[in-house]
2 protein chains.
Amino acid sequence: MSPAPTPTLPGSPQRPPNGPEIADWVRQRIRTGRFVPGQRLVEVDIIRQTGASRSKVREALKRLEGEGLVQIEEFRGASVRSSTLDEVRQIYRARMALEGMAAHDFTLGASSALLDRLKALQDQLDASVRERAPDRFGRLNNEWHRLIVEGSGNRVIADHLQRLNVPIHRLLFESFYDEERLKTANADHQHMLGLILAGDAEGAERAMRRHIADGFETLARIESEFYS
Amino acid sequence: MSPAPTPTLPGSPQRPPNGPEIADWVRQRIRTGRFVPGQRLVEVDIIRQTGASRSKVREALKRLEGEGLVQIEEFRGASVRSSTLDEVRQIYRARMALEGMAAHDFTLGASSALLDRLKALQDQLDASVRERAPDRFGRLNNEWHRLIVEGSGNRVIADHLQRLNVPIHRLLFESFYDEERLKTANADHQHMLGLILAGDAEGAERAMRRHIADGFETLARIESEFYS
DNA sequence: GCTGACGATATTGTTGACAATTTCGTCGAT
DNA sequence: ATCGACGAAATTGTCAACAATATCGTCAGC
């Protein structure tokens, strides 16, 4: 995982006056893969790119360290924390636990409005499968999972899951370029939707766990091929 | 929950030259209840008490904000984040998910050395119950849970649980002053130990979940009495 | 060619001063 | 006595300069 400890790149100033929040700016770049794991986050570069002052950048990096996204070493500065394959396994295990619980609670407590949104999302997912659009499927898939989690009424679980997902954000999309995996995943979703509508909370939880475990299996297969 | 938004207290300088880590210093004071929820964390006070410089303190507070322990408002500074009873409920729900998973994985993967330590800990817990020592039971109980979590081989889950537990750290001890609860909790532990030794991972997971759910029930009862 | 010492550069750590904002006490009008 | 305006004090936000450390290229010696 994260094979390339890439060097820092210089950049041109682009955000002119105001900076809504440096931490958000960095976080998003990590999520979208513009900052890759292992990459050093040199303060001056971020200053050049955001126009923020030094102390702002430093505090933002400290904050991100608190979130577990960034690693700071004395006199060596900040870098994007990289995960080993084993850590990704652990993350998926934690996701199984938390998203399973979220699916359980969603089933018991979701309003009909939420259920409608979920059904609508499922229709869109089905369409993206028919049209063989893995990229769109990936986005909708994210929305689907987030809807379950946010709709479970447990903000604490939602927050921890969001943190958990950042290091694997990019990976979540890559699996779906395998058509077989895409179909299987969508079938899982349809099955879960049925269980949720039927009010089978424990069934939905088990299904969610299996679904996530399968996701990791696929991922691990892809990664191991990548390294062989 | 967290009824008293206490004022800030002045203090005398006590840590003379070196500060191992301001964030740790604050975190521990929050855990042990010396800083209570809602309390403002005035930079100058922390400076006086730790001897650290301003930027150090500010960065530490930013870091703790990232950890979710502290809340920072523009021009109003940092304060210990306080939890509503509903948020505590959500925390317990997350604990059920994660510690349940940890118990599962512990059962499957624990070395015999770890099992021995767990059995020894159980003996001490039994003794503290016989001797009606709720305070000691609380400490040993913490160790017991931590042993399961750390022994599960999942650092990610362990980290998230540690964060999860900070806001409820003090509450974890209060339940055991009820003798009935203490006995019930210890019986749970004995039962779980049996399941673990028998290799029944899913049984251990279910038992852990129930155990934690019961813990919240007791807590909620205590808190609601406190407010009636 | 390789190794290790040395120095220039780059990067991070630390400190202090100043600006912006809130907080709190004071005082006068009603 | 209550309310609101006003101003001083307290607190936080921001910035720039300087110190400490690491990084990297250079070069002498073998």
Side-chain angles (χ1 to χ4, degrees), chain A residues 4-13 15-26 29-30 35-67 69-82, chain B residues 4-13 15-26 29-30 35-36 38-67 69-81:
Chain A
T6 54
T8 64
L9 331 162
S12 55
R15 196 93 62 84
N18 60 344
E21 205 55 62
I22 309 298
D24 294 339
W25 187 86
V26 177
R29 297 222 152 184
I30 293 176
F35 288 159
V36 301
Q39 177 168 347
R40 288 188 56 188
L41 302 174
V42 179
E43 296 172 0
V44 183
D45 292 346
I46 299 179
I47 290 171
R48 272 200 280 264
Q49 293 184 348
T50 64
S53 69
R54 186 101 181 285
S55 43
K56 277 280 188 64
V57 172
R58 270 180 144 273
E59 287 176 358
L61 290 173
K62 269 286 180 187
R63 200 214 138 106
L64 292 173
E65 186 192 26
E67 293 181 17
L69 264 172
V70 150
Q71 191 179 13
I72 298 183
E73 293 168 295
E74 178 111 353
F75 289 109
R76 302 216 42 235
S79 51
V80 181
R81 254 201 57 200
S82 58
Chain B
T6 54
T8 64
L9 330 163
S12 55
R15 196 94 61 83
N18 60 343
E21 204 54 60
I22 308 297
D24 294 339
W25 186 87
V26 177
R29 299 220 151 186
I30 292 176
F35 288 159
V36 301
Q39 178 168 347
R40 288 189 55 188
L41 301 173
V42 178
E43 296 173 0
V44 183
D45 292 347
I46 298 178
I47 291 171
R48 270 200 280 265
Q49 292 184 350
T50 63
S53 68
R54 184 110 180 282
S55 46
K56 277 280 186 65
V57 171
R58 276 177 79 74
E59 286 175 359
L61 289 174
K62 269 285 181 188
R63 200 210 137 108
L64 292 173
E65 186 193 24
E67 293 181 16
L69 264 173
V70 151
Q71 190 179 15
I72 298 183
E73 292 166 295
E74 178 111 354
F75 288 110
R76 303 217 41 234
S79 51
V80 181
R81 253 200 56 198

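Convention: sequence-line order gives letters A, B, ...; per-chain numbering from 1.
- Closest approach of B:Ile72 and B:Ala78 over heavy atoms only: CG1-CB, 3.9 Å.
- In terms of heavy atoms, B:Val36 sits closest to B:Val80 at O-CB, 3.5 Å.
- Rounded to whole Å, the distance from NZ on B:Lys62 to P on C:dG13 is 17 Å.
- For the OP1/OP2 pair of C:dG13 and a distance below 4.0 Å, the side-chain nitrogens and oxygens of B:Lys56 include no atom meeting the criterion.
- Between the CD atom of A:Glu43 and the P atom of D:dC15 there is a distance of 15 Å, given to the nearest Å.
- By the side-chain contact (heavy atoms from CB on, under 4.5 Å) test, A:Arg76 is found to be paired with A:Glu73, residues two or more places apart in sequence or in another chain being considered.
- The pair B:Glu59-B:Lys62 does not meet the salt-bridge criterion, since no charged nitrogen lies less than 4.0 angstrom from a carboxylate oxygen.
- Rounded to whole angstrom, the span from the CD1 atom of B:Ile46 across to the P atom of D:dA10 amounts to 18 Å.
- Considering NZ of B:Lys56 and OG of B:Ser53, their distance stands at 5.5 Å, rounded to 0.5 Å.
- Rounded to whole Å, the distance from CZ on B:Arg58 to C1' on D:dT11 is 10 Å.
- Rounded to whole angstrom, the span from the CD1 atom of A:Ile22 across to the P atom of D:dC15 amounts to 10 Å.
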What protein N or O atoms touch nucleotides 16-23 of chain C N or O atoms at under 3.5 angstrom, if any, and at what distances?
from	atom 1	to	atom 2	distance (Å)
C:dT23	OP1	B:Arg76	NE	2.6
C:dT23	OP1	B:Arg76	NH2	3.2

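- Distance CD (A:Glu59) to P (D:dC15): 11 Å, rounded to an integer number of Å.
- Taking side-chain N and O atoms only, A:Ser53 has a distance below 4.0 Å to OP1 or OP2 of D:dC15.
- Remark: B:Asp45 CG to B:Phe35 CZ distance equals 8.0 Å, nearest 0.5 Å.
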